[in-house]
Number of protein chains: 2
Amino acid sequence: MHISAETLIETLRERGLRITAPRRAVCEVIAAGHDDHLDATTIAERATTDSGPIDTATVYRTLETLIEAGLLTHTHLPHGAAVYHLAQSAPHTHLVCDTCGSVTSLGTDPMHAVENQILETTGFTPDLAHFAISGRCESCQQPNT
Amino acid sequence: MHISAETLIETLRERGLRITAPRRAVCEVIAAGHDDHLDATTIAERATTDSGPIDTATVYRTLETLIEAGLLTHTHLPHGAAVYHLAQSAPHTHLVCDTCGSVTSLGTDPMHAVENQILETTGFTPDLAHFAISGRCESCQQPNT
DNA sequence: ATGGCTGCAAAGTATTTGCAACACG
DNA sequence: CGTGTTGCAAATACTTTGCAGCCAT
């Protein structure tokens, strides 16, 4: 149901890119974390190879490569670090809690209506998989003032 | 209809804060740009006083002060810099073009339905004035592949 | 063999903070 | 006068880039 690391690697190969240990490691981390919201630093930490940890720069370059290949998308969360996940994942919206920083996923069902409405109203085509909504999650509902 | 610089200053005074030239300048820039999406750097550039330009650090501190006073809100745009605008402005959603970077404002009408739906579905209370949607604006509609 | 890829380090951007001098109230 | 503020600079966080050596093909 989810893309495997091998599929990612295969796609890279098809595009004439070299299959290296770091790329393989990054692909595996991403494939393994299909439901997670991983930022570049986390990916770098998890994606260690035999020859030690992977440099952040390499991770960013690899992620960019994967994005160009259409395998990955990234989302900028309100507070800072960008998170990455497979493009093949069901598109979803990120709900980020201002208070505790937790990230909740929301299916696009509630968003589809808006998508069309935005398009009709403004001519703007929104990318609903690529943005985050700030707010307060259920646990942090109580006012903090 | 929009808050004036004096009102902002008056509110700061009421909170026991000192009214200084830099704060006055920042308030004026914000009041003048009520419909704009200003980032801290832009505010710093516009808010020059007799004694020269205002330091970025001061701008950030002043903005934070205004936010604490409930006069201002900030939004993190997908590509990087946070933008600030009056809390009293009609709440609106920001549509940011991935291609040209332009920012379009969207009234909350199309969003209200979603707001309720999100709340019912997930218990998450979204802050619709505080997030941006990525996508492609009308002018950049044509594929760039 | 050779050009794409990597790691290291430095640069860049956005934002925060320490500190001494200064000015509002 | 005394403390809140400011400006400068250094620090932090995230991401990008230059460069020389290495390895997949």
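Owing to the predicted nature of the structure, the values given are computational and were not obtained by experimental measurement. Protein chains get the first letters and strands the later ones, always in sequence-line order, with residue 1 at the start of each.
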ask   = Atom CZ of A/R13 to atom C1' of D/dT25: distance rounded to whole Å?
value = 11 Å
remark   = note: A/E68, atom CD; C/dC5, atom P; distance rounded to Å ~ 11 Å
ask   = When B/R23 is tested against each of B/T58, B/T65, B/I9 for side chain to side chain contact (heavy atoms under 4.5 Å, CB included), which residue passes?
value = B/T65
ask   = How many Å lie between CD on B/E10 and P on C/dG25, as a whole number?
value = 11 Å
ask   = Is it true that B/R61 and B/E64 have a side-chain N and a carboxylate O under 4.0 angstrom from each other?
value = no
B/I67 CD1 to C/dT15 C1', straight-line distance once rounded to whole Å = 12 Å
query = Quick one: A/R24 CZ to C/dG4 C1', roughly how many Å, whole number?
reply = 16 Å
task = Check each residue of residues 39-47 of chain B for a non-hydrogen atom within less than 4.0 Å of any atom in DNA chain D, then write out the ones that pass by number, or none.
result = none
ask   = Is it true that a side-chain atom of A/T42 and a backbone atom of A/L38 form a donor plus acceptor pair closer than 3.5 Å?
value = no
request  = Using the six-membered ring wherever Trp is involved, compare the ring planes of B/H85 and B/H37 and label them parallel, tilted or perpendicular (cut-offs 30° and 60°).
outcome  = perpendicular
N/O-N/O pairs, protein side and nucleotides 16-23 of chain D side, under 3.5 Å:
| unit_1 | atom_1 | unit_2 | atom_2 | d |
| --- | --- | --- | --- | --- |
| D/dG18 | O6 | A/R61 | NH1 | 3.4 |

A/A87 versus A/G70, closest heavy-atom pair with distance = CB-O, 3.4 Å
Distance in angstrom units between A/R23 CZ and C/dG4 P, rounded = 11 Å
key: Whole-Å gap separating P (D/dT5) and CZ (B/R15)   = 11 Å
key: Heavy-atom side-chain proximity of A/T73 to A/I67 below 4.5 angstrom   = no
request  = Indicate yes or no for a side-chain donor-acceptor contact from A/T7 to the backbone of A/I3 under 3.5 Å, with no hydrogens or angles considered.
outcome  = no
ask   = Starting at CG of A/L66 and ending at C1' of C/dC5, how long is that distance when rounded to a whole Å?
value = 14 Å
query = Among A/L8, A/T20, A/L72, A/I54, which one satisfies side chain to side chain contact (heavy atoms under 4.5 Å, CB included) with A/V26?
reply = A/I54
query = Nearest nucleotide by nearest heavy atom, which residue falls closer to the 5' end of DNA chain C, B/A82 or B/L17?
reply = B/A82
query = For residues 37-52 of chain B, which residue pairs qualify under salt bridge (charged side-chain N to carboxylate O under 4.0 Å, His left out), counting only residues two or more places apart or in two chains?
reply = B/D36-B/R46
